[in-house]
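One-based numbering, in listed order, for ligands and for the atoms of each. If you're wondering where the values come from, they're calculated on a predicted model, not measured in any experiment.
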Amino acid sequence: MKEYSAPIDEEQLTARIREIGFSCTMCGECCRPGAGDDNLVMVSPGEIRRISSLCHLRAEECAEPYPEHVKLSDGTEVTFGWAVRRVAGDCIFYRDGSCQVYAERPWICRTYPFMLDGEDLLTSPCPGLGRPIGWEEARAMARALRARRAAEEEEGEKIRRAISARLPREKGCLVIDGEGVTRV
Ligand code: SF4
């Protein structure tokens, strides 16, 4: 992942995205595991609901528990959130070269290959980087990045609150997300 230091107000972020350049080549590489990157797409409960309603699938058919688990001292396993379900590493919604849930694709997909880490703009490897991007498109990406960061911060805060509350002591794995605890 490449890092660009950037003061992140919308105008400056738009200008930075213009300088870096990006245009999607429709290669689908971000929907499949790439070299050294599993391209896992984390999703919030709200995103799962929207995708589920769009494609008429149950929530558990759209998303799976985030695969990295932590074992607590009493043996309870926990994980923090959900990822879009995959089959043989590919996102289940990537079919025939396109995204089947494009209108409701998660923030990570909307903003790929960019992400904000605090005030820093990061990019993931992508063949679309370096291609010309217009002001309006760059501004839309800047807005999406800022909205994504706000949504992730809010979800993170809710997860921290859920962790600090007493967790149920149950066998199996607990998924802690911004809406509470689910046993899977
Ligand atoms: S949800 Fe759509 S854009 Fe995101 S990884 Fe899956 S197929 Fe690709």
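Shown are the protein N/O/S atoms under 2.8 Å from atom 8 (Fe) of ligand 1, given by residue and atom: C31 SG.
A single hydrophobic cluster is not seen to contain both W135 and L121; linkage of ILVMFWY side chains at heavy-atom distances under 4.5 Å, directly or through other members, places them apart.
Residue pairs satisfying the ring pair (Phe, Tyr, Trp, His ring centres under 6.0 Å) criterion with at least one member in residues 43-73, sequence neighbours excluded, are absent. Listed by first and then second residue, the ring pair (Phe, Tyr, Trp, His ring centres under 6.0 Å) pairs that reach into residues 97-117 are F22-F114, sequence neighbours excluded.
E19 meets the side-chain hydrogen bond (donor to acceptor under 3.5 Å, both in side chains) test with R16; sequence neighbours excluded.
Ion pairing of K158 with E179 is absent here, as no side-chain N (NZ or NE/NH1/NH2) approaches a carboxylate O to less than 4.0 Å. Contact check on E119 versus R149 returns a salt bridge, with a Lys/Arg side-chain nitrogen under 4.0 Å from an Asp/Glu carboxylate oxygen.
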